> 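Shown below is the structure under consideration.
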Amino acid sequence: MQNNHFAMSARWRQAGAACLVVAGLALTGCASTQATNPQDPYESYNRSMTKFNDTVDDAVLKPVATAYKTVTPSPVRTGVSNFFTNLGDLWSMVNHALQGNGEQTYNHMVRFTTNTVLGLGGLLDIATEMQVERNKQDFGLTLASLGVKPGPYLVLPFFGPSTVRDTLALPIDWQGYVLADLKPVSHRNSLMGLSLVSKRASLLDATDTLDAAALDRYTLIRDFYLKQRNPAANSSNDDNAGRVESFDD
């Protein structure tokens with residue numbers, strides 16, 4: 001009972017930290033006069049939070065990820081990445097079902113069962129070799145499919161780019177993650193830490209290239225994130241694709 005209480009408290013603290021940012025911005029009405037994008041009225045705050053996250057990344061996460069990539073053989077890193085991606089396919093399957101997308105629900109059921117059974121618990125990505133499509137989804141995108149607008153862009157402490165909609169969806173995503181209820185808690189935390197390091201290691205080359213090439217790294221990341229989180233912007237059949245809401249009024 002004590003471990004269960006600790007696990008629940010940890011998940012809600014993580015989601016609660018993100019929600020507090022939304023609540024604080026809403027209560028203070030701190031839209032920045034420096035905003036240059038209609039969907040980024042809190043640009044001044046977001047840039048400051050981005051600098052904070054970058055500082056934490058440079059001091060902790062990037063060095064750990066670099067060491068992990070250096071000492072861990074590539075096949076092992078691939079297996080670790082496949083394992084966590086396979087777990088994510090299960091949550092994607094649930095969200096495709098909530099969206100009423102039968103084909104993608106079936107695809108992700110096949111992906112998860114195939115990789116779990118034939119792929120040694122997900123260490124091998126057999127489903128991709130079988131050309132079974134992956135289309136990652138989360139509860140924020142499920143809300144988007146139901147017509148919920150993204151709201152203003154937000155950069156969350158530690159979590160990074162988000163929107164009001166995606167931030168409010170975080171508690172559901174935490175509850176839906178397979179490892180969230182793993183016992184004992186120490187095993188769950190170790191696996192989540194490994195997942196974070198594995199994901200950061202896979203992005204090392206991309207972030208180094210971005211840092212070297214981007215004139216305004218913040219703007220590039222923001223615009224890319226907003227496009228990826230807007231289903232309409234990725235639909236070639238939508239005349240309004242790529243348009244964003246204005247929150248200046």
Side-chain angles (χ1 to χ4, degrees), residues 7 11 14-15 18 74-150 159-163 165-183 187-203 206 224-238 241:
R11 290 199 300 275
Q14 289 169 315
S74 178
V76 175
R77 297 200 310 271
T78 298
V80 170
S81 178
N82 287 342
F83 173 79
F84 290 113
T85 300
N86 186 53
L87 296 182
D89 282 344
L90 185 60
W91 185 232
S92 292
M93 180 190 74
V94 172
N95 279 282
H96 279 299
L98 292 174
Q99 296 169 26
N101 191 333
E103 179 180 0
Q104 289 291 348
T105 301
Y106 175 76
N107 283 348
H108 284 76
M109 179 186 69
V110 171
R111 286 195 59 85
F112 180 75
T113 55
T114 299
N115 286 340
T116 300
V117 176
L118 301 180
L120 305 178
L123 295 177
L124 303 177
D125 190 358
I126 305 298
T128 294
E129 295 180 8
M130 295 169 55
Q131 298 184 344
V132 181
E133 180 186 6
R134 169 184 285 124
N135 185 353
K136 183 179 178 182
Q137 295 289 296
D138 53 41
F139 195 67
L141 291 175
T142 294
L143 292 178
S145 74
L146 298 175
V148 178
K149 300 297 184 181
F159 287 83
S162 186
T163 62
R165 180 194 65 210
D166 292 345
T167 299
L168 296 178
L170 277 177
I172 305 300
D173 284 324
W174 277 105
Q175 290 290 334
Y177 190 48
V178 175
L179 294 180
D181 292 319
L182 180 67
K183 301 295 186 300
H187 290 177
R188 182 204 66 190
N189 291 344
S190 295
L191 284 173
M192 286 186 169
L194 178 59
S195 174
L196 179 62
V197 171
S198 173
K199 184 176 296 184
R200 183 63 183 91
S202 70
L203 296 173
F224 177 79
Y225 179 85
L226 291 175
K227 184 178 186 302
Q228 293 300 307
R229 302 298 296 179
N230 181 6
N234 297 302
S235 172
S236 59
N237 297 321
D238 190 340

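What you see is a predicted model; the values in this text were computed from it and never measured.
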> Please round to the nearest 0.5 Å and tell me the distance separating atom CG of D89 and atom CZ of R134.
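The CG atom of D89 sits 4.0 Å away from the CZ atom of R134.
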> When rounded to the nearest 0.5 angstrom, what is the spacing between OG1 in T142 and CD in Q99?
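Reported value, rounded in 0.5 Å steps: 4.0 Å.
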> Between CG of N82 and OG of S198, what distance do you get to the nearest 0.5 Å?
9.0 Å
> Counting distance only, does the side-chain N/O of T113 pair as donor-acceptor with the main-chain N or O of V110 below 3.5 Å?
yes
> Among pairs that include at least one residue of residues 85-126, which meet ring-ring contact (aromatic ring centres under 6.0 Å, His included), considering only residues two or more places apart or in two chains?
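Listed once each, the pairs are H96-H108.
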> For R229 and R165, what are the C-alpha separation, side-chain angles and deciding distance, and is it a side-chain contact (heavy atoms from CB on, under 4.5 Å)?
CA-CA 10 Å; R229 302 298 296 179; R165 180 194 65 210; 4.1 Å; yes
> Within this structure, what is the CG-OG1 distance for the pair L168 and T163, rounded to the nearest 0.5 Å?
8.5 Å
> For D181 and R188, run salt bridge (Lys or Arg N to Asp or Glu O under 4.0 Å): C-alpha distance rounded to whole Å, both residues' side-chain angles, the deciding distance at 0.1 Å, then the answer.
CA-CA 8 Å; D181 292 319; R188 182 204 66 190; over 6 Å; no
> Measure the shortest side-chain to side-chain distance between F224 and P161 over non-hydrogen atoms and say whether it is less than 4.5 angstrom.
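No, side chains not in contact.
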> Contact between M192 and L179 at the side-chain level, heavy atoms closer than 4.5 Å - yes or no?
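They are in contact (side-chain heavy atoms under 4.5 Å apart), so the answer is yes.
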> Please name the pair of heavy atoms, one in G140 and one in A169, separated by the smallest distance, quoted to 0.1 Å.
N-CB, 3.6 Å
> Just wondering, do H187 and S190 contact through their side chains at under 4.5 Å, heavy atoms?
no
> Could you go through N107 and E103, starting from their C-alpha distance and side-chain angles, then the distance that decides it, and tell me whether this counts as side-chain contact (heavy atoms from CB on, under 4.5 Å)?
CA-CA 6 Å; N107 283 348; E103 179 180 0; 4.1 Å; yes
> Can you check whether Q104 reaches E133 side chain to side chain, under 4.5 Å on heavy atoms?
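In contact.
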> Is there a donor-acceptor pair under 3.5 Å between the side chain of S92 and the backbone N or O of K136?
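Side chain of S92 to backbone of K136: no pair is present.
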> Atom CZ in F83, atom OG in S195: separation rounded to 0.5 Å?
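Spacing of CZ (F83) from OG (S195) equals 9.5 Å.
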> Apply side-chain contact (heavy atoms from CB on, under 4.5 Å) to T167 and F159, showing your working.
CA-CA 10 Å; T167 299; F159 287 83; over 6 Å; no
> Are L118 and L124 side-chain neighbours, meaning at least one heavy-atom pair lies under 4.5 Å?
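L118 vs L124: side chains apart.
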> Are any non-hydrogen side-chain atoms of R200 and V197 less than 4.5 angstrom apart?
no
> Apply side-chain contact (heavy atoms from CB on, under 4.5 Å) to residues F139 and L170 and explain how you reach the verdict.
CA-CA 8 Å; F139 195 67; L170 277 177; over 6 Å; no
> Check whether T128 reaches the backbone of D125 with its side chain - one donor and one acceptor, N or O, closer than 3.5 Å.
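No, the answer is negative, given that no donor and acceptor are paired below the 3.5 Å cut-off.
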> Atom CG in L87, atom CG in N115: separation rounded to 0.5 Å?
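So the gap between those two atoms works out to 10.5 Å.
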> How close do A127 and T114 get, heavy atom to heavy atom, and via which atoms?
N-CG2, 4.3 Å
